Asker: 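I'd like to ask some things about the structure below.
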Amino acid sequence: MTKSPLLATMILHATCRNNVYPRSEVKRFPVPDKYVPWNVPFEYDPPTYTSAHIAGQVWADPDIQNKEFQPKWNCLDGNVNRVSFNGEYAIDDCGYPLNPMGRTGLRGRGILGRWGPNHAADPIVTRWKRDADGNVVKHLETKKNILQMVAIQRRDNKMWAIPGGMVDPGEKVSTTLRREFMEEALDSFEDQQMVENFFAQGTEVYKGYVDDYRNTDNAWMETVAYNFHDETGTQVGKLKLSAGDDAAKVQWMDLDRNKELHANHSWIIEKIIKLLNAHW
């Protein structure tokens with residue numbers, strides 16, 4: 001894969017603050033913007049919540065209070081990657097990792113599997129929008145080519161998103177990218193070699209924190225996002241899409257600044273728009 005220098009710092013997280021935690025009735029402690037950083041004094045007393053549904057799951061950590069659980073923070077812990085793309089994160093006096101972006105209004109792990117960083121991979125598959133004659137369509141105002149992305153509608157919050165997923169312990173990111181796209185956007189395909197070759201040529205566009213609604217003070221989402229662009233529309237761009245796994249729907253979506261997407265996906269996609277000089 002070709003590595004891009006487009007590594008950027010996330011803006012102040014907002015999705016994971018001042019609301020009811022998903023799949024629960026637990027209300028986050030209100031955190032105004034100026035009190036998000038840990039180094040700003042604040043009378044902070046958030047609730048603690050870790051879903052009972054993740055207890056004992058093979059993909060989840062045990063409770064930190066479990067004496068047999070001895071995690072190695074900020075490093076590769078066996079097959080589990082506990083390194084944050086945002087640098088070294090702090091551990092509080094009780095042994096809990098602290099969200100590098102600051103307070104979220106909720107302690108615990110919520111519905112996330114890992115304490116600390118939970119690593120995902122996002123394959124952003126794009127093509128140019130074309131008319132019935134195969135000509136690239138330009139936007140009437142900007143005169144720039146309209147870019148389309150394979151987008152899925154998530155089952156949990158019904159928002160449109162990049163078809164990404166979690167990196168399994170010991171799994172290469174390149175494997176996750178290809179697997180997640182196939183599971184969430186393709187039902188079947190005939191030319192497996194073409195798909196393999198297509199996903200061998202990607203450009204890294206973002207690596208870091210995700211402003212995800214599941215984040216807590218002690219567990220948070222991070223991702224590596226790659227763009228896989230089908231310039232001619234004759235490779236993955238011609239395959240029939242079919243929703244699967246966690247996707248309710250899947251489609252080729254026209255991209256512009258008015259699209260409301262899951263988490264900070266619009267922020268990541270804007271980097272691809274600039275990279276390809278497309279309409280936005």
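Each residue takes its place number in the sequence, starting with 1. Note that this is a predicted model, so its numbers are computed, not measured.
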Asker: Any non-hydrogen side-chain atom of Pro97 less than 4.5 Å from a side-chain atom of Ile64?
Answerer: yes
Asker: Does the side chain of Asp156 reach to within under 4.5 Å of the side chain of Arg23, using non-hydrogen atoms?
Answerer: yes
Asker: Hydrophobic clustering (ILVMFWY, side-chain heavy atoms < 4.5 Å, transitive) - are Ile146 and Leu275 grouped together?
Answerer: no
Asker: Is there side-chain contact between Tyr213 and His262, with heavy atoms separated by less than 4.5 Å?
Answerer: yes
Asker: Measuring from Gln148:CD to Thr126:OG1, what's the distance to the nearest 0.5 Å?
Answerer: 10.0 Å
Asker: Is the shortest side-chain heavy-atom distance between Thr216 and Cys16 below 4.5 Å?
Answerer: no
Asker: For Pro46 versus Asp217, what's the shortest heavy-atom pair and its separation?
Answerer: CG-OD2, 4.1 Å
Asker: Between Asp131 and Val137, what is the shortest heavy-atom contact and its length?
Answerer: N-CG2, 3.6 Å
Asker: Check the orientation of Phe198 and Phe228. Use parallel for under 30°, tilted for 30 to 60°, and perpendicular for over 60°.
Answerer: tilted
Asker: Is Asn74 reaching over with its side chain to a backbone N or O of Tyr89, donor-acceptor style, under 3.5 angstrom?
Answerer: yes
Asker: Would you mind reporting whether Met166 and Met221 have side-chain heavy atoms less than 4.5 Å apart?
Answerer: yes
Asker: Can you confirm whether the side chains of His139 and Glu141 place a donor and an acceptor under 3.5 Å from each other?
Answerer: no
Asker: Any donor-acceptor pair under 3.5 Å linking the side chain of Asn118 with the backbone of Gly116?
Answerer: yes
Asker: When you measure from the side chain of Thr48 to the backbone of Arg107, do you find a donor-acceptor pair of N or O atoms at a distance under 3.5 Å?
Answerer: no
Asker: CE of Met101 to CG of Leu12: how many Å apart, nearest 0.5 Å?
Answerer: 6.5 Å
Asker: Any salt bridge between Arg82 and Asp61, counting N to O under 4.0 Å?
Answerer: yes
Asker: For the backbone of Lys72 and the side chain of Asp77, can you confirm whether one donor and one acceptor N or O come within less than 3.5 Å of each other?
Answerer: yes
Asker: With clusters defined by side-chain heavy atoms of hydrophobic residues (ILVMFWY) lying less than 4.5 Å apart, directly or transitively, does Val26 cluster with Ile111?
Answerer: yes
Asker: Report the distance from atom CE of Met149 to atom CD1 of Ile162, rounding to the nearest 0.5 Å.
Answerer: 5.5 Å
Asker: Is Ile54 reachable from Leu106 through a run of hydrophobic residues whose side-chain heavy atoms are each under 4.5 Å from the next?
Answerer: no
Asker: State whether a side-chain donor-acceptor pair under 3.5 Å links Gln201 with Asn197.
Answerer: no
Asker: Regarding Tyr209 and Asn215, is there a side-chain donor-to-acceptor distance under 3.5 Å anywhere?
Answerer: yes
Asker: Kindly give the heavy-atom pair with the smallest separation between Tyr44 and Val31, and that separation in Å.
Answerer: CE1-CG2, 3.8 Å
Asker: Report the C-alpha distance between Trp128 and His229 in whole Å, list the side-chain angles of each, state the deciding distance to 0.1 Å, and finish with yes or no for side-chain contact (heavy atoms from CB on, under 4.5 Å).
Answerer: CA-CA 9 Å; Trp128 298 116; His229 181 61; 3.3 Å; yes
Asker: Under the salt bridge (Lys or Arg N to Asp or Glu O under 4.0 Å) test against Lys129, which residue among Asp256, Asp230, Asp254 passes?
Answerer: Asp254
Asker: Examine Met159 and Val210 and state if one hydrophobic cluster contains both, with Ile, Leu, Val, Met, Phe, Trp and Tyr joined whenever side-chain heavy atoms are less than 4.5 Å apart.
Answerer: no
Asker: Ignoring hydrogens and angles, tell me if any N or O in the side chain of Arg28 forms a donor-acceptor pair with the backbone of Thr104 under 3.5 Å.
Answerer: yes
Asker: Shortest non-hydrogen contact from Pro163 to Ile152?
Answerer: CB-CG2, 3.7 Å
Asker: Could you tell me whether the side chain of Trp115 and the main chain of Pro62 form a donor-acceptor pair under 3.5 Å?
Answerer: yes
Asker: Is the count of non-hydrogen atoms from other residues, nucleotides or ligands lying under 6.0 Å from Phe42 atom CZ greater than 12?
Answerer: yes
Asker: Quick check: closest heavy atoms across Val83 and Pro117, and the distance to 0.1 Å?
Answerer: O-CG, 3.9 Å
Asker: Do Ile269 and Lys259 come within less than 4.5 Å of each other through their side chains, counting heavy atoms only?
Answerer: no
Asker: Can you name the one residue among Trp220, Trp59, Phe85 that meets ring-ring contact (aromatic ring centres under 6.0 Å, His included) with His119?
Answerer: Phe85
Asker: Could you check Glu196 against Arg178 for salt bridge (Lys or Arg N to Asp or Glu O under 4.0 Å), going step by step and ending with a plain yes or no?
Answerer: CA-CA 8 Å; Glu196 294 283 343; Arg178 183 175 63 252; 3.5 Å; yes
Asker: Take Leu241 and Gln251 through the side-chain contact (heavy atoms from CB on, under 4.5 Å) test and state the conclusion after the steps.
Answerer: CA-CA 7 Å; Leu241 302 178; Gln251 68 176 24; 5.5 Å; no
Asker: Does the side chain of Val167 reach to within under 4.5 Å of the side chain of Asn81, using non-hydrogen atoms?
Answerer: no
Asker: Quick check: closest heavy atoms across Arg17 and Asp33, and the distance to 0.1 Å?
Answerer: NH2-OD1, 2.7 Å
Asker: Hey, does Arg109 have a side-chain heavy atom less than 4.5 Å from the side chain of Tyr49?
Answerer: no
Asker: Can you measure from CZ (Arg214) to OG1 (Thr15) and round to the nearest 0.5 angstrom?
Answerer: 11.5 Å
Asker: Is the number of heavy atoms from other residues, nucleotides or ligands within 6.0 Å of NZ (Lys249) greater than 12?
Answerer: no
Asker: Are Tyr226 and Met194 grouped together when hydrophobic residues (ILVMFWY) are joined by side-chain heavy atoms under 4.5 angstrom apart?
Answerer: yes
Asker: Nearest 0.5 Å, what's the CZ-OG1 distance between Phe181 and Thr176?
Answerer: 15.0 Å
Asker: Report the C-alpha distance between Ile124 and His265 in whole Å, list the side-chain angles of each, state the deciding distance to 0.1 Å, and finish with yes or no for side-chain contact (heavy atoms from CB on, under 4.5 Å).
Answerer: CA-CA 10 Å; Ile124 306 167; His265 288 187; over 6 Å; no
Asker: Take a 6.0 Å sphere around CD of Gln57 and say whether it holds more than 12 heavy atoms from other residues, nucleotides or ligands.
Answerer: yes
